[in-house]
Amino acid sequence: MEMEKLVSLCKRRGFMFQSSEIYGGINGFWDYGPLGVELKRNIKDAWWHDMITAHDELDVRPGAPSTYEMTGLDCTIIMHPQVWKVSGHQDLFSDMMVDCKESKGRYRYDQLRGRWVEAKGQKVFVTTKVEAEEEDEDLQRRALKFFNLRAKNVEELSWDGDTVSLETISEFENVLAPEAKSVGSLTEPREFNLMFKTIVGAMGTEADTAFLRPETAQGIFVNFKNVVDSTRVKIPFGIAQVGKSFRNEITPRNFTFRSREFEQMEIEFFCHPDSSRKWYEYWRDRRMQWYKDLGLAGERLQLRDHAPDELSHYSTGTADIEYAFPFLPEGEYGELEGIAHRGDFDLRSHMEGKLDPNTCPLEVEKGEDGKPKYRGSGKDLTYRDPETNEKYLPHVIEPSAGADRATLAFLCEAYQEDEQPDDKGKMQTRVVMKLHPRIAPVKAAVFPLVKKEGMPEIAKDVYRALKAKFPAVYDEKGAVGRRYRRQDEAGTPYCITIDGDTLTDKTVTIRDRDSLEQWRVKLDDVVEEIAGRVS
RNA sequence: GCGGGUGUAGCUUAAUGGUAAAGCUUCUGCUUCCCAAGCAGAUGACGAGGGUUCGAUUCCCUUCACCCGCUCCA
């Protein structure tokens, strides 16, 4: 399947549009049209229903270590700025960057170090990005190379001052970039804000800077204590949230796959440290099965466990559920959902201050003054087991899914072209969206075979009865074959046709989208018949 | 962010330094009546801004968006 065909269909039938299209569009933002909004909401509703509202906390689910509870949350997009400092996003998401026009490399402004050196009447600032221990060696090697000197002529190099950060240099004309052969190839430092900045308050200034959340997860962590104190939930339990998140992706691309405004479906599952590995495996397998049950059953879906060297040392496991999107190269997969074992990293950070992920055991990251670089809340986020009286900081399993990516994957999987005969028996190409009935935007369409002899009246009654329960459409225009095809492109699983026989025996035909089979049911049983098939 | 390509109607395409053609779609009417039927009619486009020119959809510049590759993907 070519991606262009799907993109074209999405626009033609109203699944998705480019945001602000009449003004030329805006990079990294996409809108959902009339069909798309139903599809995406069905996916989110299915997730919420299956994970939270329909969860049975009284019985042990297959594969689960024990019973558990599930609850929900809906927190704000803008939160206290300290949240993002402590979570680590502030440091990871906003840096000054410089680009090298020669090597096409990109460097963090504060991480490049260098030293002034003069030879042959020219003075340049040689930079390096290697570790501090090898710094002098690398600088000398690069300086010699630049001035075209042999190692034995090293005394011709006249060093000026100590090795300092590039941040102390204001003019880059004589700066030799780490992988460049000539000077002056670096761009001016540019701010690289991966988080969306905003100002809180009508009179707000820079000091009132806040951020649009880059993930919904932190809102769950900071509300952990509130939920525990207000709901009688006992560990193990999960808190779920669906909502928009924002990231200034460097390269938004591939339709909605990498958008700057996107929607997440996240669970933070809190459990005892001793059982966290088992819970991790449970959620990994449970989430994989969820996609399969909704139609991503083919080989294009895969579960990929991260290799041990990919993991943070405080994590005992991370897995990605991935889909082989048609816009990716052969054999490559794109992430739909990540299931991560996060240990107690997040709760401890919000309690004690931002932890340094490179320490083992984890320690609070210190600033230059020896105090915590980013202070935590100071609130006690430990959990006391009411039965054993054990007090501990729970470990967290995080199944974090992308609602837009899931929607896109379901669309890609559903798009099919097949050959079906027309009214003369000639084979015609048919475009059909084979969406699972549960997520299909429209569940049923109702047609009078002809627009006379009382058929429209009966059809309208059927339509009204259906529409009271779920999305349905009524269509009496043109040949019935055309109406079937139109519904095929929208992914409507069932079409109901009122024909001449309906008038005498009070039965109608139901036509199946995928098989094109038809069968007759009693007029009075139509709603029940369709309802049983789409839920 | 870099390099290359593309941008004409809702979709797919055409032509042109003198404001654009078609198929499909959509809408109206007639006809037909179980898988994109027929006839008649209607709606509808040169991504945006600037320049050159008597005149630009066409040539030039800028910009925006999309596609491909590189980079990035916390």
Side-chain angles (χ1 to χ4, degrees), chain A residues 2-5 7-14 17-30 33 84 87-95 97-108 179 185-188 190 192-195 214-215 247-255 257-258 260 312 320 327-329 334-335 338 340 357 418-432 447-453 455 476-489 495-502 508-513 515-520:
Chain A
E2 296 125 73
M3 202 58 201
E4 288 122 57
K5 286 187 174 179
V7 175
S8 171
L9 181 139
C10 281
K11 178 168 187 198
R12 184 158 36 97
R13 303 311 306 239
F17 310 121
Q18 208 181 353
S19 170
S20 319
E21 198 192 68
I22 61 167
Y23 287 106
I26 176 165
N27 191 310
F29 297 89
W30 297 87
W84 307 113
S87 71
H89 291 85
Q90 176 101 351
D91 282 351
L92 287 165
F93 274 43
S94 49
D95 296 307
M97 307 288 283
V98 290
D99 287 314
C100 175
K101 286 177 277 196
E102 186 187 314
S103 71
K104 308 298 180 199
R106 172 172 286 157
Y107 313 100
R108 273 177 61 170
E179 288 153 301
S185 64
L186 288 180
T187 60
E188 286 296 298
R190 281 177 284 213
F192 223 69
N193 291 311
L194 265 32
M195 282 199 292
E215 63 172 36
R247 298 182 189 183
N248 265 317
E249 297 290 352
I250 297 163
T251 315
R253 207 172 273 198
N254 292 328
F255 206 20
F257 183 76
R258 183 163 289 143
R260 287 175 162 151
S312 312
D320 286 342
F327 47 76
L328 296 173
E335 184 183 338
D418 59 16
E419 298 282 319
Q420 300 295 347
D422 64 13
D423 66 328
K424 297 184 185 65
K426 201 177 142 202
M427 297 309 273
Q428 301 282 349
T429 300
R430 178 180 76 134
V431 174
V432 54
F447 311 142
L449 187 59
V450 290
K451 201 163 58 172
K452 55 188 177 190
E453 291 163 21
M455 292 181 205
E476 58 179 27
K477 302 273 171 60
V480 75
R482 173 175 299 278
R483 287 178 263 164
Y484 285 140
R485 291 292 207 276
R486 204 179 277 145
Q487 294 306 318
D488 289 340
E489 276 199 345
C495 293
I496 295 145
T497 303
I498 282 70
D499 58 17
D501 292 347
T502 310
V508 298
T509 64
I510 297 181
R511 177 259 199 187
D512 180 85
R513 175 195 66 200
S515 67
L516 273 67
E517 279 170 24
Q518 286 183 308
W519 65 97
R520 298 198 75 92

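Keep in mind it's a predicted model, so treat the numbers as computed, not measured. Proteins come first, then strands; the chains are lettered A, B, ... in the order of their sequence lines, and each starts at number 1.
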* **Residues, nucleotides or ligands: over 12 heavy atoms within 6.0 Å of A:E419 CD** => yes
* Report, as a single string ordered 5' to 3', how protein heavy atoms within less than 4.0 Å touch nucleotides 60-67 of chain B: B base, S sugar-phosphate only, - not at all. => ----SSSS
Applying side-chain hydrogen bond (donor to acceptor under 3.5 Å, both in side chains), name anything that partners [X], two or more places apart in sequence or on another chain.
{"X": "A:R260", "answer": "none"}
{"X": "A:D320", "answer": "A:H306"}
{"X": "A:K11", "answer": "A:E21"}
{"X": "A:R511", "answer": "A:D488"}

Do any N or O atoms of the protein come closer than 3.5 Å to N or O atoms of nucleotides 30-33 of chain B, and which pairs are they?
from  : atom 1 : to     : atom 2 : distance (Å)
B:C33 : O2     : A:L449 : O      : 3.1

* Could you tell me which nucleotide pairs with B:U26 by Watson-Crick or G-U wobble geometry, both distances under 3.5 Å, or answer none if nothing does? => B:A42
Can you find a side chain N or O atom of [X] that sits less than 4.0 Å from OP1 or OP2 on [N]?
{"X": "A:R511", "N": "B:C35", "answer": "no"}
{"X": "A:K5", "N": "B:U12", "answer": "no"}
{"X": "A:R513", "N": "B:C35", "answer": "no"}

* To do: Quick one: label A:T251 by what it contacts on the DNA or RNA (base, sugar-phosphate, nothing), any heavy atom closer than 4.0 Å.
  => base
* Asked: What is the distance from atom CZ of A:R483 to atom CG of A:L449, rounded to the nearest 0.5 Å?
  -> 7.0 Å
* To do: Pick the C1' atom in B:U62 and in B:U26, then give their distance to the nearest Å.
  => 37 Å
